[in-house]
Amino acid sequence: WSYHYLVHGYCKSSKRISRAMRYMKEMKKRGLTPDAVTYSCLISGCGRRGKTDEALELLEEMKRKNVALDVVVFNALIHALGRWKRGKRAFLVFQEMRYRGIQPDEWTFNLLLNALAKVGEAQAGLKMFNMMKRLGIAPSVVTYTAVIDCLGAGGQALAAYKLHNKLLARREAYSTRTWNSLLKGLAKEDRMGMAYLVYQRMRRRGYEPDRVTYSILLDLCTAVRDLKKVVQLQSDMRAAELEPD
RNA sequence: AGUCAUG
(Lines give C-alpha, C1' and ligand atoms only; values in the text may rest on other atoms or scores of the structure.)
Protein backbone atom coordinates (compact mmCIF):
# COMPACT_ATOMS: atom_id res chain seq x y z
CA TRP A 1 0.00 0.00 0.00
CA SER A 2 1.08 3.44 0.50
CA TYR A 3 4.52 3.50 1.87
CA HIS A 4 4.78 6.66 -0.14
CA TYR A 5 2.28 8.22 2.19
CA LEU A 6 4.20 7.14 5.29
CA VAL A 7 7.56 8.29 4.00
CA HIS A 8 6.22 11.66 2.88
CA GLY A 9 4.48 12.18 6.16
CA TYR A 10 7.56 11.47 8.22
CA CYS A 11 9.72 13.65 6.05
CA LYS A 12 7.79 16.72 7.08
CA SER A 13 9.29 16.83 10.53
CA SER A 14 13.04 16.81 10.81
CA LYS A 15 12.92 14.64 13.91
CA ARG A 16 11.38 11.76 12.06
CA ILE A 17 13.70 11.47 9.13
CA SER A 18 15.23 8.28 10.45
CA ARG A 19 11.80 6.77 10.61
CA ALA A 20 11.13 7.86 7.06
CA MET A 21 14.38 6.23 6.04
CA ARG A 22 13.33 2.99 7.72
CA TYR A 23 10.04 2.98 5.91
CA MET A 24 11.86 3.54 2.67
CA LYS A 25 14.05 0.51 3.35
CA GLU A 26 10.95 -1.57 3.95
CA MET A 27 9.46 -0.21 0.80
CA LYS A 28 12.50 -1.35 -1.11
CA LYS A 29 12.42 -4.81 0.46
CA ARG A 30 8.93 -5.25 -0.85
CA GLY A 31 10.11 -4.41 -4.30
CA LEU A 32 8.48 -1.01 -4.43
CA THR A 33 10.45 1.78 -5.98
CA PRO A 34 10.37 5.17 -4.33
CA ASP A 35 9.76 7.95 -6.82
CA ALA A 36 11.39 11.35 -7.23
CA VAL A 37 8.95 12.93 -4.80
CA THR A 38 9.90 10.44 -2.09
CA TYR A 39 13.58 10.93 -2.77
CA SER A 40 13.40 14.70 -2.70
CA CYS A 41 11.58 14.53 0.64
CA LEU A 42 14.31 12.34 2.04
CA ILE A 43 17.09 14.45 0.59
CA SER A 44 15.71 17.63 2.13
CA GLY A 45 15.18 15.78 5.40
CA CYS A 46 18.81 14.68 5.38
CA GLY A 47 19.74 18.27 4.60
CA ARG A 48 17.95 19.61 7.63
CA ARG A 49 19.87 17.23 9.84
CA GLY A 50 23.25 17.85 8.29
CA LYS A 51 23.41 14.43 6.68
CA THR A 52 24.88 15.68 3.43
CA ASP A 53 26.70 12.48 2.53
CA GLU A 54 23.48 10.54 2.90
CA ALA A 55 21.76 13.08 0.69
CA LEU A 56 24.41 12.58 -1.98
CA GLU A 57 24.10 8.84 -1.62
CA LEU A 58 20.36 9.07 -2.26
CA LEU A 59 21.07 10.67 -5.62
CA GLU A 60 23.52 7.87 -6.44
CA GLU A 61 20.85 5.37 -5.53
CA MET A 62 18.35 7.03 -7.82
CA LYS A 63 20.82 6.77 -10.65
CA ARG A 64 21.54 3.12 -9.93
CA LYS A 65 17.86 2.31 -9.89
CA ASN A 66 17.04 4.43 -12.88
CA VAL A 67 14.53 6.51 -11.00
CA ALA A 68 13.62 9.53 -13.12
CA LEU A 69 15.46 12.59 -11.84
CA ASP A 70 13.85 15.99 -11.76
CA VAL A 71 14.65 19.59 -10.90
CA VAL A 72 13.30 19.38 -7.36
CA VAL A 73 15.60 16.49 -6.47
CA PHE A 74 18.59 18.52 -7.56
CA ASN A 75 17.34 21.67 -5.88
CA ALA A 76 16.85 19.83 -2.61
CA LEU A 77 20.37 18.43 -2.84
CA ILE A 78 21.94 21.78 -3.69
CA HIS A 79 20.11 23.25 -0.72
CA ALA A 80 21.29 20.48 1.59
CA LEU A 81 24.91 20.94 0.53
CA GLY A 82 24.78 24.71 0.58
CA ARG A 83 23.41 25.06 4.04
CA TRP A 84 26.31 23.01 5.41
CA LYS A 85 28.91 25.04 3.57
CA ARG A 86 29.60 22.58 0.83
CA GLY A 87 29.32 25.18 -1.90
CA LYS A 88 31.87 23.59 -4.17
CA ARG A 89 30.03 20.32 -4.04
CA ALA A 90 26.71 22.09 -4.65
CA PHE A 91 28.20 23.57 -7.78
CA LEU A 92 29.35 20.16 -8.98
CA VAL A 93 25.84 18.84 -8.46
CA PHE A 94 24.55 21.74 -10.50
CA GLN A 95 26.91 20.80 -13.30
CA GLU A 96 25.80 17.20 -13.17
CA MET A 97 22.22 18.33 -13.35
CA ARG A 98 22.91 20.21 -16.55
CA TYR A 99 24.90 17.31 -17.93
CA ARG A 100 21.90 15.08 -17.39
CA GLY A 101 19.64 17.45 -19.23
CA ILE A 102 17.60 18.58 -16.24
CA GLN A 103 16.78 22.26 -16.77
CA PRO A 104 17.59 24.41 -13.76
CA ASP A 105 14.85 26.82 -12.69
CA GLU A 106 14.82 30.04 -10.73
CA TRP A 107 15.00 28.17 -7.41
CA THR A 108 18.07 26.28 -8.56
CA PHE A 109 19.92 29.55 -9.00
CA ASN A 110 18.64 31.01 -5.76
CA LEU A 111 19.84 27.94 -3.90
CA LEU A 112 23.19 27.99 -5.64
CA LEU A 113 23.67 31.64 -4.81
CA ASN A 114 22.99 30.89 -1.15
CA ALA A 115 25.43 27.99 -1.24
CA LEU A 116 28.13 30.16 -2.79
CA ALA A 117 27.42 33.00 -0.35
CA LYS A 118 28.12 30.71 2.58
CA VAL A 119 31.59 29.97 1.29
CA GLY A 120 32.33 33.51 0.20
CA GLU A 121 32.38 32.81 -3.54
CA ALA A 122 31.25 36.20 -4.78
CA GLN A 123 32.78 35.81 -8.21
CA ALA A 124 31.14 32.46 -8.86
CA GLY A 125 27.86 33.90 -7.65
CA LEU A 126 28.01 36.72 -10.14
CA LYS A 127 28.70 34.20 -12.88
CA MET A 128 25.64 32.22 -11.87
CA PHE A 129 23.53 35.35 -11.89
CA ASN A 130 24.70 36.08 -15.43
CA MET A 131 24.19 32.50 -16.55
CA MET A 132 20.62 32.74 -15.39
CA LYS A 133 20.10 35.64 -17.77
CA ARG A 134 21.64 33.72 -20.63
CA LEU A 135 19.33 30.79 -20.02
CA GLY A 136 16.34 33.09 -20.04
CA ILE A 137 15.37 32.34 -16.44
CA ALA A 138 13.78 35.36 -14.80
CA PRO A 139 15.23 36.37 -11.44
CA SER A 140 12.86 37.29 -8.62
CA VAL A 141 13.22 39.36 -5.49
CA VAL A 142 14.57 36.22 -3.83
CA THR A 143 17.29 36.02 -6.45
CA TYR A 144 18.22 39.66 -5.96
CA THR A 145 18.47 39.23 -2.22
CA ALA A 146 20.60 36.14 -2.70
CA VAL A 147 23.01 37.64 -5.21
CA ILE A 148 23.47 40.82 -3.17
CA ASP A 149 24.09 38.70 -0.11
CA CYS A 150 26.55 36.55 -2.03
CA LEU A 151 28.54 39.58 -3.17
CA GLY A 152 28.59 41.08 0.31
CA ALA A 153 29.54 37.82 1.96
CA GLY A 154 32.42 37.47 -0.47
CA GLY A 155 33.83 40.86 0.45
CA GLN A 156 32.39 42.65 -2.58
CA ALA A 157 30.09 45.09 -0.83
CA LEU A 158 30.74 47.82 -3.37
CA ALA A 159 29.81 45.52 -6.24
CA ALA A 160 26.68 44.62 -4.29
CA TYR A 161 25.93 48.29 -3.90
CA LYS A 162 26.35 48.95 -7.60
CA LEU A 163 24.11 46.07 -8.53
CA HIS A 164 21.54 47.26 -6.02
CA ASN A 165 21.51 50.72 -7.61
CA LYS A 166 21.07 49.23 -11.04
CA LEU A 167 18.15 47.12 -9.86
CA LEU A 168 16.50 50.07 -8.15
CA ALA A 169 16.91 52.21 -11.24
CA ARG A 170 15.18 49.51 -13.25
CA ARG A 171 12.43 49.41 -10.61
CA GLU A 172 12.95 45.71 -10.04
CA ALA A 173 11.01 43.94 -7.31
CA TYR A 174 12.48 44.69 -3.93
CA SER A 175 11.83 43.94 -0.31
CA THR A 176 13.11 44.92 3.11
CA ARG A 177 15.13 41.71 3.10
CA THR A 178 16.90 42.77 -0.05
CA TRP A 179 17.91 46.05 1.54
CA ASN A 180 19.02 44.13 4.62
CA SER A 181 21.29 41.89 2.60
CA LEU A 182 22.97 44.96 1.14
CA LEU A 183 23.36 46.47 4.60
CA LYS A 184 24.87 43.25 5.84
CA GLY A 185 27.59 43.41 3.20
CA LEU A 186 28.35 47.04 3.97
CA ALA A 187 28.46 46.26 7.68
CA LYS A 188 30.89 43.46 7.11
CA GLU A 189 33.32 46.01 5.68
CA ASP A 190 32.59 48.56 8.42
CA ARG A 191 31.12 51.02 5.93
CA MET A 192 29.08 52.99 8.45
CA GLY A 193 28.58 56.07 6.29
CA MET A 194 27.28 54.20 3.31
CA ALA A 195 25.16 51.89 5.40
CA TYR A 196 23.47 54.82 7.06
CA LEU A 197 22.75 56.48 3.72
CA VAL A 198 21.29 53.24 2.44
CA TYR A 199 19.16 53.03 5.57
CA GLN A 200 17.81 56.52 5.00
CA ARG A 201 17.17 55.83 1.37
CA MET A 202 15.35 52.64 2.17
CA ARG A 203 12.97 54.54 4.43
CA ARG A 204 12.45 57.32 1.93
CA ARG A 205 11.46 54.73 -0.62
CA GLY A 206 8.87 53.31 1.71
CA TYR A 207 10.55 50.08 2.81
CA GLU A 208 10.04 49.63 6.53
CA PRO A 209 13.23 48.67 8.36
CA ASP A 210 12.61 45.62 10.51
CA ARG A 211 14.30 44.03 13.51
CA VAL A 212 16.97 42.56 11.23
CA THR A 213 17.76 45.96 9.72
CA TYR A 214 18.34 47.44 13.16
CA SER A 215 20.28 44.49 14.37
CA ILE A 216 22.72 44.81 11.46
CA LEU A 217 23.04 48.57 11.90
CA LEU A 218 23.43 48.50 15.67
CA ASP A 219 26.14 45.85 15.45
CA LEU A 220 27.90 48.03 12.93
CA CYS A 221 27.66 51.06 15.24
CA THR A 222 29.28 49.00 17.94
CA ALA A 223 32.03 47.84 15.62
CA VAL A 224 32.90 51.38 14.59
CA ARG A 225 32.02 52.91 17.97
CA ASP A 226 29.42 55.33 16.68
CA LEU A 227 27.39 56.13 19.78
CA LYS A 228 25.49 58.97 18.19
CA LYS A 229 23.98 56.72 15.58
CA VAL A 230 23.08 54.16 18.20
CA VAL A 231 20.94 56.77 19.91
CA GLN A 232 19.36 57.81 16.63
CA LEU A 233 18.63 54.25 15.56
CA GLN A 234 17.15 53.32 18.90
CA SER A 235 14.84 56.25 18.70
CA ASP A 236 13.84 55.24 15.16
CA MET A 237 13.14 51.77 16.46
CA ARG A 238 10.88 53.04 19.20
CA ALA A 239 9.07 55.20 16.68
CA ALA A 240 8.53 52.10 14.58
CA GLU A 241 7.36 50.23 17.67
CA LEU A 242 10.11 47.66 17.44
CA GLU A 243 11.71 46.20 20.53
CA PRO A 244 15.48 46.47 20.86
CA ASP A 245 17.14 43.03 20.90
C1' A B 1 2.22 15.23 -3.10
C1' G B 2 8.48 16.98 -2.64
C1' U B 3 13.03 21.98 -3.14
C1' C B 4 14.56 28.76 -2.04
C1' A B 5 16.51 34.80 0.37
C1' U B 6 18.51 39.14 5.18
C1' G B 7 21.17 39.17 11.81
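To find a chain, count down the sequence lines: A is the first, B the second, and so on, and within it residues start at 1. Below, each value reflects all heavy atoms present in this structure, side chains not excepted, and no hydrogens, waters or symmetry copies. Computed from a prediction, not measured in an experiment: that's the story for all the values here.
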- Query: Is there a side-chain contact between Trp107(A) and Phe74(A), using heavy atoms and a 4.5 Å cut-off?
  - Reply: no
- Query: Would you say C4(B) has OP1 or OP2 under 4.0 Å from some side-chain N or O of His79(A)?
  - Reply: yes
- Task: Send over the distance from Ile216(A) CD1 to G7(B) P, rounded to a whole Å.
- Result: 6 Å
- Task: Using atom types as modelled and distance alone, determine if a side-chain donor or acceptor of Ser215(A) lies under 3.5 Å from a backbone N or O of Arg211(A).
- Result: no
- Taking atom types as modelled, find out whether Asp210(A) and Thr176(A) have a side-chain donor-acceptor pair closer than 3.5 angstrom. no
- Item | Protein-nucleotide distance (Met237(A), atom CE; G7(B), atom C1'), rounded to Å | 12 Å
- Item | Minimum-distance nucleotide to Thr145(A) side chain [options: U6(B), U3(B), A1(B)] | U6(B)
- Message: Main chain of Gly47(A), side chain of Trp84(A): is a donor-acceptor contact present, judged purely on distance under 3.5 Å?
- Response: yes
- Note on the structure: Asp70(A) has its side chain closest, among G2(B), G7(B), C4(B), to G2(B)
- Note on the structure: Contact check, residues 80-104 of chain A vs RNA chain B, heavy-atom distance under 4.0 Å, returns none
- Message: Is any side-chain heavy atom of Phe109(A) closer than 4.5 Å to one of Val147(A)?
- Response: no
- Between Ile148(A) (CD1) and G7(B) (P), how many Å, whole number? 13 Å
- Message: Between P on U6(B) and OH on Tyr207(A), what's the gap in Å once rounded to a whole number?
- Response: 18 Å
- Does any donor-acceptor pair link the side chain of Asp35(A) with the base of G2(B) at a separation under 3.5 Å? no
- Message: Using 30° and 60° as the class boundaries, would you call the ring planes of Tyr196(A) and Tyr199(A) parallel, tilted or perpendicular?
- Response: tilted
- Leu186(A) CG to G7(B) P, straight-line distance once rounded to whole Å: 14 Å
- Nucleotide of A5(B), U3(B), G2(B) approaching Arg177(A) most closely (side-chain heavy atoms): A5(B)
- Query: Within this structure, what is the CD1-to-P distance between Ile137(A) and C4(B), rounded to whole angstrom?
  - Reply: 18 Å
- Query: Asn180(A) has a side chain; which of U6(B), A5(B), C4(B) sits nearest to it?
  - Reply: U6(B)
- Task: Report the distance from atom CG of Leu182(A) to atom C1' of G7(B), rounded to the nearest whole Å.
- Result: 14 Å
- Query: Taking atom C1' of C4(B) as reference, at what distance in whole Å does atom CG of Asn114(A) sit?
  - Reply: 6 Å
- Message: Measuring only between side-chain heavy atoms, which start at C-beta, is Lys127(A) closer than 4.5 Å to Met131(A)?
- Response: no
- Just to confirm, is there a sub-4.0 Å distance from OP1 or OP2 of G7(B) to any side-chain nitrogen or oxygen of Lys184(A)? yes
- Item | Touch class at under 4.0 angstrom, heavy-atom based, for Val147(A) against every strand present | nothing
- Message: Testing the 3.5 Å rule here: is there a donor-acceptor pair between the side chains of Ser181(A) and Thr178(A)?
- Response: no
- Item | Per Val72(A) side chain, nearest of listed nucleotides C4(B), U3(B), U6(B) | U3(B)
- Task: Determine the contact category for Ala36(A): base if any of its heavy atoms lies under 4.0 Å from a base atom, sugar-phosphate if only primed atoms, P, OP1 or OP2 are that close, otherwise nothing.
- Result: base
- Query: Out of G7(B), G2(B), A5(B), which has the shortest distance to the side chain of Ser215(A)?
  - Reply: G7(B)
